[in-house]
Asker: 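Starting off with a structure, shown below.
Along the sequence shown, the residues carry numbers beginning at 1.
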Amino acid sequence: YIDEAVFTFNTFLTKAWSSSYSNISVPEAKINVRAHALVAGVSEEVGLEGYLIVPKAINTDSYIEFLRKLKQKYKQ
């Protein structure tokens, strides 16, 4: 089986204020959002067969990289 998951580590301001008749604004530099994506293969016989962790998200290139590493593991 193969599946992917994305994990985020978010840091947000806990308090904000604004003047009367104005909207609250938060500078983007004050917000820190990091994400890592994991793709993993597991089997009933072995358990964890292989995995790949990348920043942000699994894209086509990283998925192919994962499949090539998995293929190399079982190359005969």
Asker: Nearest 0.5 angstrom please: Lys56 NZ to His36 NE2, how far?
Answerer: 10.5 Å

Asker: Could you work out, with side-chain contact (heavy atoms from CB on, under 4.5 Å) as the rule, every residue matching Phe7, not counting sequence neighbours?
Answerer: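 In terms of side-chain contact (heavy atoms from CB on, under 4.5 Å), with neighbours along the sequence ignored, Phe7 is linked to Ala5, Phe9, Leu38.
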
Asker: Would you say Phe66 and Ile58 make side-chain contact, with heavy atoms under 4.5 Å?
Answerer: no

Asker: Which heavy-atom pair separates Val42 from Leu48 by the least distance, and what is that distance?
Answerer: CG1-CA, 4.0 Å

Asker: If you take all heavy atoms of Ala37 and Val6, which pair is closest and at what distance?
Answerer: CB-CG2, 4.1 Å

Asker: Starting at CG of Leu52, measure out to CD1 of Ile64 and round the result to the nearest 0.5 Å.
Answerer: 12.0 Å

Asker: Within a reach of under 6.0 Å around NZ of Lys71, are more than 12 heavy atoms found that belong to other residues, nucleotides or ligands?
Answerer: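 No, the 6.0 Å shell around NZ holds no more than 12 heavy atoms from other groups.
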
Asker: List the atom of Val54, the atom of Ser62, and the distance in Å for their closest heavy-atom pair.
Answerer: CG1-CB, 4.1 Å

Asker: How would you list, by chain and number, every residue that makes a side chain to side chain donor-acceptor pair (under 3.5 Å) with Tyr21, sequence neighbours excluded?
Answerer: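 Counting only residues at least two positions away or on another chain, Tyr21 forms no side chain to side chain donor-acceptor pair (under 3.5 Å).
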
